[in-house]
Amino acid sequence: MAHTLQELADLIFPQVSETVADLEARYPRRQLPEGAMVTRFAPSPTGFLHTGSLFTALVAYTVAKRTGGVYFFRLEDTDQKREVAGTGDQLVDQLAWFGVVQDEGYMGADRPEKGAYGPYVQSKRQAIYDVVIKHLILAGRAYPCFCSKHDLDELRAVQEANKVVPGYYGSYARCRKLSLTEQLRRIRAGEPYVIRFRSEGDVNRTFVIRDLVRGALTLPENDQDIVIRKSDGLPTYHFAHLVDDHFMGTNCVTRGEEWLSSLPIHAELFKAMGWEAPQYAHLPVIMVNDAETGNKRKLSKRKDREAAVSYFIEQGYPKEGIIRYLLTIANSNFEEWMRANPRADVSEFPFSFSKMSRDGALFDLPKLNDISQNYLAYMSARDIARAANEWAVRFCPELAAFIAADPERFEAIMNIERDQPKPRKDYVKYSDIYPKVAFFDPAVYDRVENLPFDEKVSPADRRAILEGFAQDMGLERTADTWFGLVKDLGARLGFAPSMKEYKADPSAFKGFSGDVASVIRVAVTGSRNSPSLYHVLKILGADEIRRRVNRVLATLR
Ligand code: GLU
């Protein structure tokens, strides 16, 4: 009696009794408003949160939020050799810290999954993949392949010698020609095998597919009989994403442009299943100029510290600054929008695929710095104080202790020239704060040995300035009128009220009011640079100022 595909399918999958129709019933179509996009982030748990992955996840999240859709998290852990245990959890937590929180899916190892389309971890979906593979075998679109690694190496050598495209296809696909009898015999004999897709494509023919970022693409058809099920029973990425995105109702796949070249395979697989393929958006990858070769290359986790998001976090970049920077890569008009709306929440930005660059974006540190600096400037004093503390507790004990010593003082320091239409831009990252504010701490101030006075003002004049200042510090004045006190004090001692007047007749003056203020600043802060002197004095308070001034005067007598 002639053998049948049913025999083959049952021999390989004796335990599979469900059909694709059963799966369709178990995972019904999502009921969503018109235009709602269902997106996902589907990382392999291979280590840490890569800057490029944060970008990809952010885009998927943003698209779902903007369209009233669903963003879910799927763990692609079928390449067990590459897996680093526990990193699925870390990815979820790190993304959540950035506010990129999934509506459904894998939520972390010890937390229950959310959503009706699970399991959302590929290694738990083998039964589902097997149903679909059984279906493909019955349809004549999949077959067992017994080629060993040695056979495949040999094949590659032959193809190289013949200068033809490498791979398992056409006449090179040896096992696609095996008879059913032969297939059944070898499986029964216990030979190891994988399952391959039987392609019907022809690389000499093209097809058109629309990419949301790149527009209509004309691509050659696939003709490779790719492996869909490995010898360990787990699916390959090409096949697993197809099954998962179909049954999970993904209608928009956002992924790195490195997948563009396998799009013909995916298109053919969807066609073979008779399923509508999701829309694809192939995102630009983040690049750097290689220090050695000068060539552009992908941000590499081995070579670039910037490849790990944790690097920026440790450095004290605010997460919102990082997100904003990544959005400038996502949409060319984001930066303009952000400048026009410096206090707006990024969720208000009208993201669109049409504004996404098609080329890999060069990682731009000065831009990140600039965005971060602006973001910190426009935060409220309370928010920056809280966020700086959160960072300091993890990464900067000195700052954490400084804040703990007097949280109210810290907030007041953060508020210096902040609550105004154009706030000061003192800090690029949280790590810039402590060096600039440490002088408020009396113990830190007392450790400064040589006060950096400008030699232009003689020690005698320094003394006269500080004595005059100690008598009337003007702390009851407002920020606008305080400098009048400095001018008056200077005038009494022979300093011009303004730089202009001094320049007009340098021989008539010892200097100008700015020199007077500088003496006070150096005496009180231990440095020539400080935030607005008036505000610094207000926060230090009369007693501490007097203590510092007296200490300096003692050295000048
Ligand atoms: N696991 C794949 C990756 O990490 C997912 C690609 C995709 O989003 O489809 O690159």
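First listed ligand is number 1; within each ligand, the first listed atom is number 1.
- A donor atom on one side chain and an acceptor atom on the other are found under 3.5 Å apart for Asp151 and Ser148.
- Closest to atom 10 (O) of ligand 1 among all protein heavy atoms lies Trp259 NE1, 3.3 Å.
- A salt bridge between Glu390 and Arg386 is absent, with no side-chain N of the basic residue lying under 4.0 Å from a carboxylate O of the acidic one.
- Close approach to Arg40 involves these atoms of ligand 1, each under 4.0 Å from a residue heavy atom: 7 (C), 8 (O), 9 (O).
- Here the heavy atom of the protein found nearest to atom 9 (O) of ligand 1 is Tyr237 OH, 2.4 Å.
- Remark: minimum distance from atom 1 (N) of ligand 1 to any protein heavy atom is reached at Glu76 OE1, 2.7 Å.
- Ligand 1 is never approached by Phe41 to a heavy-atom distance shorter than 4.0 Å.
- The existence of a salt bridge linking Lys149 and Asp153 is confirmed by a sub-4.0 Å separation between a basic side-chain nitrogen and an acidic carboxylate oxygen.
- Salt-bridge check for Glu104 with Lys114: failed, with every basic side-chain N at 4.0 Å or more from each acidic carboxylate O.
- Nearest protein neighbour of atom 5 (C) of ligand 1, counting heavy atoms only, is Ala42 O, 3.1 Å.
- A salt bridge links Asp93 to Arg111: at least one charged side-chain nitrogen sits closer than 4.0 Å to a carboxylate oxygen.
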